[in-house]
Structure formats: C-alpha cells, structure tokens
Amino acid sequence: MSDSEQQLRQQEGANYEPEMNRSGNTPMAQVIETRLSRRSVLQSLVGATAASFMGVGLAGCGSDDDSGSDESNSHADAPRIGFNAIATSRADTVTLPEGYQWAPLIPWGTPITGSYPDYRSDGSNSGEEALQQIGSNHDGMHYFPLNGSSEHGLLVVNHEYIDHNVLHANPATSLPLPQDHVLKEMASHGVSVVEVQRSAAGGSHWEVVRGAYNRRITALTEMEMTGPVRGNDKLKTAYSPDGTRTRGTINNCSHGFTPWGTYLTCEENFRGYFHNTSQNVAAQPREQSRYGIANADDAGSWYNWDKIDSHLPRGMSERFDVSPSGDGANADYRNECNNFGWIVEIDPFDPYSTPKKRTALGRFAHEGIVFAQPKVGEPVVFYSGDDARFEYIYKFVSKALYREGISGDEVMNEGTLYAAKFNGDGNGEWLPLDINDPGFQAKASAANVRFSNQGDVLINARTAADVAGATPMDRPEWGAVCPRTGMVYFTLTNNTRREDSQTDAPNPRANNSTGHIIRWSEGEGTGFSWDIFLLGGHKGEGKVLPNTAQQAALDDSNLLSCPDGLWFDDSGLMWIQTDMSGSMLAGSNAAGDFGNNQMLAAEPDTGIIKRFLTGPNNCEVSGVVMTPDRRTMFVNLQHPGGDSEPGAFTSHFPANDGFSRPRSTTVVITRKDGGLIGS
C-alpha cells in the first residue's frame with residue numbers, strides 16, 4: 001500500500017475497505033422481482049403514504065397517528081424550526097444562522113488531568129503529556145449534567161483516530177517507529193471525560209474545570225470483558241490467559257448513553273490496527289478475514305504500532321501483531337483483535353472504575369448505539385449499525401426487564417442479538433443470531449457454517465448475520481429514536497460499490513455516493529414496517545420521500561450529501577450531520593457543490609429541513625448534544641484540514657490565524673438572546 005493510499009485509508013475510515021461481505025445474501029431486488037416490478041417498488045418508496053406498507057401506518061416523528069393520513073395537519077405542537085437556513089460555505093470557520101454564536105471549548109491537546117501539561121502548537125507534546133490531554137479527532141459525545149445543571153456537567157467525548165501530520169511535530173517516515181511516537185498515538189485515541197461549566201463571560205463561553213472527574217481512557221487502559229464471550233477461548237492472550245481482561249479501546253466513533261447514567265463508546269474500524277504477518281487471507285481464522293484484518297499479503301496495519309524501536313512495557317505494542325507465534329493462544333496475541341469491535345460501558349462519575357466491554361451486543365464495526373425509550377417491566381432495546389459497505393443493522397433485546405435503578409451488568413450481559421432483514425414490500429423482520437434458535441441452527445447447517453457456542457456467534461456476528469439472511473446495507477452509521485413516537489432513524493452514508501444488479505428497496509441507488517436515511521416502526525413480535533425518509537444528493541436528485549407533507553426535492557437551503565451523525569433533541573427536532581470526503585467534499589459545479597460538511601435540522605413529520613451549521617475546511621461534523629434546558633449545544637468538528645502535509649495545512653481552525661495547525665474541537669453554540677436552540 002502506498003503512503004497516499006494509507007493516508008486516505010486512515011482519513012476516510014470505512015470509506016476505504018476490502019470487500020469483506022462475501023455472503024451472497026440475496027439483494028432484495030431479486031426477492032422483489034417475484035412479487036412486484038422494480039418500477040412499482042420505487043414508486044412506493046417515493047410517493048406512497050404509510051398505508052401502502054402492509055396497510056400499517058408509519059407515522060413520522062411529531063405524530064402518533066397510525067392512520068397513514070397526511071401528517072401535515074396533525075399535531076400542531078410538533079417541533080418546528082425557527083431559524084432561517086444558511087447557505088453552503090467554504091469558509092474555514094463555523095457559520096451559523098443569524099442570531100447564533102459559537103466559541104471553541106476543548107480542542108485536541110487541552111490539558112485536563114495529571115500535571116495539566118500545556119498544549120504546544122508545534123506538535124511537540126510527548127506521549128506522556130498526551131495521556132493528560134484531550135485526545136484527537138473528536139466524534140460521538142454526551143453531556144451529563146451535575147445536579148441537573150445546564151451550566152455545569154461532564155462532557156464525555158470519543159476520539160476516533162489520529163492524523164500523523166497534525167499530531168506529530170516531525171512525523172516518523174520509516175520503520176521502526178520511535179517508542180514515544182507510538183505512545184502519543186495510543187494516548188490520543190479513546191475517550192475523554194472532562195468537567196465543564198459556563199464561564200463568567202456567559203453566552204457560548206464555557207471552561208474546563210480541573211476537577212476529580214476528569215479522566216483519559218486510551219488504547220492503553222485496562223478493561224474487563226463481560227457477557228457471553230467472557231472467558232471464551234478466542235479471547236485468550238498472553239496478557240489475559242483466562243480471556244477476561246484486555247487493554248484499551250480504539251477507533252471510537254459514535255456513542256450512546258444509558259438510562260442508568262453511563263456512557264457507551266463504540267469501537268468501529270478496529271480492523272486497521274492489527275496485522276497478521278504469517279497467514280494469508282485463506283489461512284486466517286474467519287474472525288480476522290471476515291473483518292478485514294491485514295494479512296501476510298498486506299504491507300501492514302494503519303499505524304504499525306507493532307513495529308517500534310523499543311517496545312512498550314507488558315506487550316503494549318507487540319499485541320497488534322496477531323500472528324500465531326507461540327505454543328498456543330496463551331503464549332502470543334493471535335486473539336488480540338477479538339478483544340475489539342465491541343460496545344464499551346464507562347461510568348463517567350467514577351474516575352477509578354474499570355470500563356466494561358459488553359460482548360452480548362456483538363462484535364462488528366459499531367458506529368454507535370441508541371436506545372428505544374425504556375418502559376418499566378419490558379426488555380431494554382438497543383440498535384447499532386455496522387459501518388461498512390454491504391454490512392448490517394442490529395438490534396439487541398435484553399433478557400432483564402427494565403426497572404428504576406437497574407445496571408449495565410443486569411441489562412447488557414444477557415439477551416438476544418438480531419440482524420435486520422428489509423423486505424421489498426415495506427415490511428421487515430429481526431433475525432435472531434442465537435445458537436439455541438432452531439431457525440438459526442437450520443440456516444447455519446444449510447450453509448455448512450459451524451459455531452461452537454454463543455460466544456463464537458457473537459465474535460463472528462458478521463458471519464452469523466450472513467447465515468441468518470440479513471440485508472446488506474449502504475454503510476449503516478448513526479441511529480436515533482424519535483422521543484415522540486419511538487420511530488427509529490438510521491443514516492446510510494454511502495456505497496459507491498453497489499451496482500445496478502445489487503439495488504433493492506432499502507438501498508435503491510447504484511453508485512450511491514450521496515447516501516440516504518431509512519426509518520422503521522416496530523411491530524408485533526420480530527416484525528417492523530419501514531420506509532426511506534431522505535435521499536441525499538444534488539438539487540433535483542436529493543429528495544425528502546414518503547409520508548411527509550413536503551415530499552420535495554432538496555434545494556439550496558437543505559441539499560446535503562453523505563448523512564452520518566443523527567440525533568433527536570428533546571423537542572423532537574432531528575439533527576443531521578454530514579461526512580463528505582475526497583472529491584465529494586471538493587465539489588465540482590454549482591449544482592453539485594455541497595460546500596464544507598454541515599449540520600441540518602429536520603422536522604420529520606413535515607419533511608422540512610434547513611441547514612444550521614457549516615464547518616471549517618475538510619472537517620467532518622460529528623457529535624452533537626444539548627444541555628437539558630436546550631439553550632447550549634455542543635458540536636464536534638473532526639479533522640479540520642484533514643491529514644494535510646506538514647507546513648501546508650488546509651485549515652487553521654480553531655485559531656483561524658493563517659498558520660496554526662488545525663485541531664479537532666468541541667464548539668459551544670448558543671443563541672445571542674439566550675433562547676432555545678433550533679426553535
């Protein structure tokens with residue numbers, strides 16, 4: 001792999017990946033062929049109301065009417081957008097509607113713990129200093145109020161990956177890598193827990209509190225394996241011979257938060273960190289090959305953390321070489337990559353707590369995790385997407401029934417993992433990935449696929465979903481549940497590899513470069529009803545689709561591409577964030593120029609969407625949350641400038657001085673009049 005290819009792979013994450021889903025699961029277009037013409041399916045997606053799906057109403061958020069009637073006249077109290085849409089922009093700054101203001105809060109390198117080492121603008125901070133500072137490439141995020149306050153709380157922020165040319169003063173250009181180079185990169189991954197409060201200046205000005213809650217969780221932090229995979233033979237390593245412990249969390253993309261007050265960080269593209277130097281793809285175990293772990297035919301992993309001049313203590317770096325080299329798994333790190341790809345639960349209020357990897361929720365490239373509204377006496381339900389082309393959407397249903405005071409150990413260690421099958425008629429089915437389920441057993445037997453136990457199923461969740469017959473999707477990313485109706489929305493960011501023969505009802509476009517948003521409403525048992533809410537794209541190509549009053553083509557006020565981040569505020573407004581990259585971000589002409597990445601607000605019941613924010617050059621807009629009073633919004637701006645060449649940065653955000661290196665940053669947004677955001 002060339003240097004330029006490796007940089008692209010690191011920058012775009014799931015946008016660069018080997019073809020890993022070889023399941024041959026039937027694209028739904030072939031199923032539809034026997035029942036409906038392709039034309040009639042697309043017509044139903046574009047123009048039909050919910051009543052066309054099974055005769056079951058699919059009410060948009062803002063309405064709880066199941067009649068399938070026009071929602072534009074229902075629920076006058078549904079959330080409404082109160083700002084004027086802004087234009088697209090290529091300014092190297094944050095642009096907001098009139099009446100709004102912003103300020104940076106915690107850029108990469110902000111000191112938050114230990115000796116509070118100052119950030120050095122030349123990139124010369126050491127690895128030990130990075131362990132005490134805000135990490136790199138901010139992504140998912142949640143605000144936990146202290147004593148219910150909207151002016152004082154904990155921000156918990158994911159750090160997805162690193163940009164060599166931004167992170168280091170003098171990026172290493174040859175192997176082996178200096179030890180401190182690798183330590184700094186490991187320290188810049190993970191999660192930051194930081195206490196913040198509104199400053200005396202008021203408005204959008206907040207500040208870091210140097211308090212006891214502040215904590216860095218990194219690629220080095222010890223963690224506990226929990227749930228059905230705990231102690232499984234495929235987790236055993238030289239570090240944890242009993243398969244109950246591991247170290248670190250990496251590629252932390254989106255997130256979740258629990259009804260019992262903890263934070264969930266999601267391990268997405270973990271595959272890029274490991275290298276099996278002794279086996280080619282045919283010899284690799286499926287828990288490596290099906291996930292795209294680099295093999296003996298590949299040049300190496302993304303960061304080459306296993307190739308350093310003086311290894312870090314206790315196998316901290318050797319573990320990223322997952323080649324069989326000892327007399328058994330307890331003598332090497334052949335299983336180390338199986339300790340990643342999980343949901344990790346963190347207690348932000350206990351800085352001494354051990355993070356727990358929740359294996360019952362399955363191992364895959366988790367973009368995020370979102371809860372259905374919990375109800376006392378019923379199971380707790382989670383949704384998560386596998387952010388890779390032609391991968392799946394999953395649902396977890398707990399065995400435990402929800403009650404006040406319940407814990408993660410009770411809810412997240414036992415339950416059933418399902419994968420979604422979207423049928424062409426607007427129905428869907430949740431397929432159990434359960435070794436004790438007779439239907440799953442029969443499918444595995446027919447496919448000649450063997451699982452030794454439920455832990456094996458969960459470690460190989462992708463293979464299990466292949467066997468079950470789930471629907472391959474166009475990069476399932478963030479999910480969000482409408483607080484008014486319980487309808488679930490998911491972004492499908494893009495898939496330029498889908499060909500005409502692979503299109504289907506839920507993924508209707510070949511060469512899907514601009515992405516779409518799908519949604520569903522749960523039905524009886526394992527059934528659900530679904531439709532497409534939005535097709536991204538140029539003017540005349542992008543559309544708001546069924547069951548809204550709008551059903552209109554996108555225009556200058558809302559055209560967007562590559563929807564990624566997704567979040568509902570408490571009022572029911574849906575906030576959509578974009579992740580364009582490469583040529584899509586560069587734009588080509590007036591009709592196709594989406595400007596810099598952006599965030600928009602949507603009224604799901606009407607289909608009205610307005611652009612609220614544009615970010616600095618080459619950034620991704622990723623991560624959004626508000627304080628309980630909805631008067632302060634936090635937004636993450638990831639990798640401004642991309643992985644620019646040293647000394648030739650394409651962004652200088654947030655300093656905006658024309659020469660400083662760019663820094664991923666959490667920004668604070670408020671209305672100048674102190675009012676509710678979005679209204």
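Among pairs with a residue in residues 653-667, those fulfilling side chain to side chain donor-acceptor pair (under 3.5 Å) read Asn137-Ser664, Asn636-Thr666, Asp657-Ser660, at least two apart in sequence or across chains. Sequence neighbours left out, the pairs with a member in residues 611-631 that pass ring pair (Phe, Tyr, Trp, His ring centres under 6.0 Å) are Phe83-Phe612, Tyr100-Phe612, Trp575-Phe612. Pairs engaging residues 651-674 under the ring pair (Phe, Tyr, Trp, His ring centres under 6.0 Å) rule: Trp102-Phe653 [sequence neighbours left out].
Looking at residues two or more places apart in sequence or on another chain, you find a side chain to side chain contact (heavy atoms under 4.5 Å, CB included) between Tyr116 and Pro111, Arg210, Asn214. For Asn84, there are no side chain to side chain contact (heavy atoms under 4.5 Å, CB included) partners at least two apart in sequence or on another chain. Every residue two or more places apart in sequence or in another chain that forms a side chain to side chain contact (heavy atoms under 4.5 Å, CB included) with Leu146 is listed here: His152, Leu154, Glu195, Tyr213, Phe349. Looking at residues two or more places apart in sequence or on another chain, you find a ring pair (Phe, Tyr, Trp, His ring centres under 6.0 Å) between Trp478 and His255. Every side-chain hydrogen bond (donor to acceptor under 3.5 Å, both in side chains) that Glu207 has, sequence neighbours left out, goes to Gln197. When the salt bridge (charged side-chain N to carboxylate O under 4.0 Å, His left out) test is applied to Arg215, no partner is found at least two apart in sequence or on another chain. Phe396 pairs by the ring pair (Phe, Tyr, Trp, His ring centres under 6.0 Å) definition with Phe382, not counting sequence neighbours. Listed by chain and number, the residues in a salt bridge (charged side-chain N to carboxylate O under 4.0 Å, His left out) with Arg120 are Glu129 (sequence neighbours excluded). With sequence neighbours left out, the side chain to side chain contact (heavy atoms under 4.5 Å, CB included) criterion links Asn251 to Glu160, Tyr161, Glu268, Asn269, Tyr273, Trp302.
Looking at Arg90 and Asn617, their side chains never bring a donor and an acceptor atom within 3.5 Å of each other. Residues Ser192 and His159 bring a donor and an acceptor atom of their side chains to less than 3.5 Å of each other. No donor-acceptor contact under 3.5 angstrom links the side chains of Asp564 and Thr491, judged on distance only. With 3.5 Å as the limit, one finds no donor-acceptor pair spanning the side chains of Glu224 and Thr354. Using a 3.5 Å distance cut-off with no hydrogens or angles, the side chains of Thr632 and Arg198 do pair a donor with an acceptor. Side chains of Trp260 and Thr262: a donor-acceptor N/O pair is present below 3.5 angstrom, by distance only. Between Gln598 and Thr578, the side chains place no donor N or O within less than 3.5 Å of an acceptor N or O (distance only, hydrogens not considered). There is a side-chain donor-acceptor pair under 3.5 Å between Thr265 and Asn158. Side-chain contact annotation: Asp122 with Ser124, donor-acceptor N/O pair under 3.5 Å present. In summary, the side chains of His189 and Glu185 do not present any donor paired with an acceptor at a separation below 3.5 Å, with no hydrogens or angles considered. Between Asn495 and Asp474, the side chains place a donor N or O and an acceptor N or O closer than 3.5 Å (distance only, hydrogens not considered).
Aromatic ring centres of Tyr383 and Phe371 lie farther apart than the 6.0 Å criterion allows. Here Trp342 and Phe270 keep their ring centres 6.0 angstrom or further from each other. For an aromatic pair to be called close, the ring centres must be under 6.0 Å apart, and His164 with Tyr303 satisfies this. Ring pair Phe257/His142: centre-to-centre distance below 6.0 Å.
Looking only at side-chain heavy atoms (C-beta outward), Pro654 and Pro107 come within less than 4.5 Å of each other. Contact check for Val94 versus Thr614: no side-chain heavy atoms found under the 4.5 Å cut-off. For the pair Ile677 and Met626, the minimum side-chain heavy-atom distance is below 4.5 Å. Within the 4.5 Å cutoff, no side-chain heavy atoms of His138 are placed close to those of Leu637. Side-chain atoms of Lys357 and Glu267, non-hydrogen and from C-beta on, do get closer than 4.5 Å to each other. Thr221 has its side chain out of reach of Arg247: every pair of non-hydrogen atoms, C-beta onward, lies at least 4.5 Å apart. Contact check for Ile518 versus Leu492: side-chain heavy atoms found under the 4.5 Å cut-off. No side-chain heavy atom of Tyr263 sits under 4.5 Å from any side-chain heavy atom of Glu345.
Of the possible polar contacts, none joining the Ser301 side chain to the Phe274 backbone as a donor-acceptor pair under 3.5 Å is found. Within the 3.5 Å criterion, the main-chain N or O of Cys619 finds a donor-acceptor partner in the side chain of Asn597. Of the possible polar contacts, none joining the Ser149 side chain to the Pro145 backbone as a donor-acceptor pair under 3.5 Å is found. A donor-acceptor pair under 3.5 Å is formed between the side chain of Asp569 and the backbone N or O of Gly572. Between the side chain of Lys184 and the backbone N or O of Asn125 there is at least one donor-acceptor pair closer than 3.5 Å. Panel note: side chain Arg358, backbone Thr226; no donor-acceptor pair is recorded below 3.5 Å. Arg363 contributes no side-chain N or O that, together with a main-chain N or O of Gly341, makes up a donor-acceptor pair within less than 3.5 Å. In this structure, the side chain of Gln132 engages the main chain of Ser115 through a donor-acceptor pair within 3.5 Å. Side chain of Thr650 to main chain of Gly641: a donor-acceptor pair is present (N/O by atom type, distance under 3.5 Å, no hydrogens or angles).
Using the six-membered ring where Trp is involved, Tyr143 and Trp206 have ring planes that are perpendicular, over 60° apart on the 30 and 60° scheme.
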Evaluation steps, side chain to side chain contact (heavy atoms under 4.5 Å, CB included), between Leu167 and Trp108 = CA-CA 9 Å; Leu167 188 74; Trp108 154 61; 3.7 Å; yes
Start with the C-alpha distance between Val624 and Phe634, add both sets of side-chain angles, then the distance that settles side chain to side chain contact (heavy atoms under 4.5 Å, CB included), and finish with yes or no.
-> CA-CA 6 Å; Val624 56; Phe634 303 96; over 6 Å; no
Under the salt bridge (Lys or Arg N to Asp or Glu O under 4.0 Å) rule, what do Glu391 and Arg389 come out as? Steps first, then yes or no, please.
-> CA-CA 6 Å; Glu391 294 301 341; Arg389 295 176 178 89; over 6 Å; no
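When every heavy atom of Leu573 is checked against every heavy atom of Ala602, the shortest pair comes out as CD2-O, 3.6 Å. For the residue pair Ile343 and His366, the shortest heavy atom distance occurs at CD1-ND1, 3.4 Å. Closest non-hydrogen pair, Ser513 versus Cys562, comes out as O-SG, 3.3 Å. Between Asp386 and Pro476, the closest heavy-atom pair is O-CD, 3.1 Å. The shortest non-hydrogen separation linking Leu312 to Met186 is CD1-SD, 3.8 Å. Contact record, Ser651 with Asp92: OG-OD1, 2.7 Å, taken as the closest heavy-atom pair.
More than 12 heavy-atom neighbours from other residues, nucleotides or ligands sit within 6.0 angstrom of CG on Asp350.
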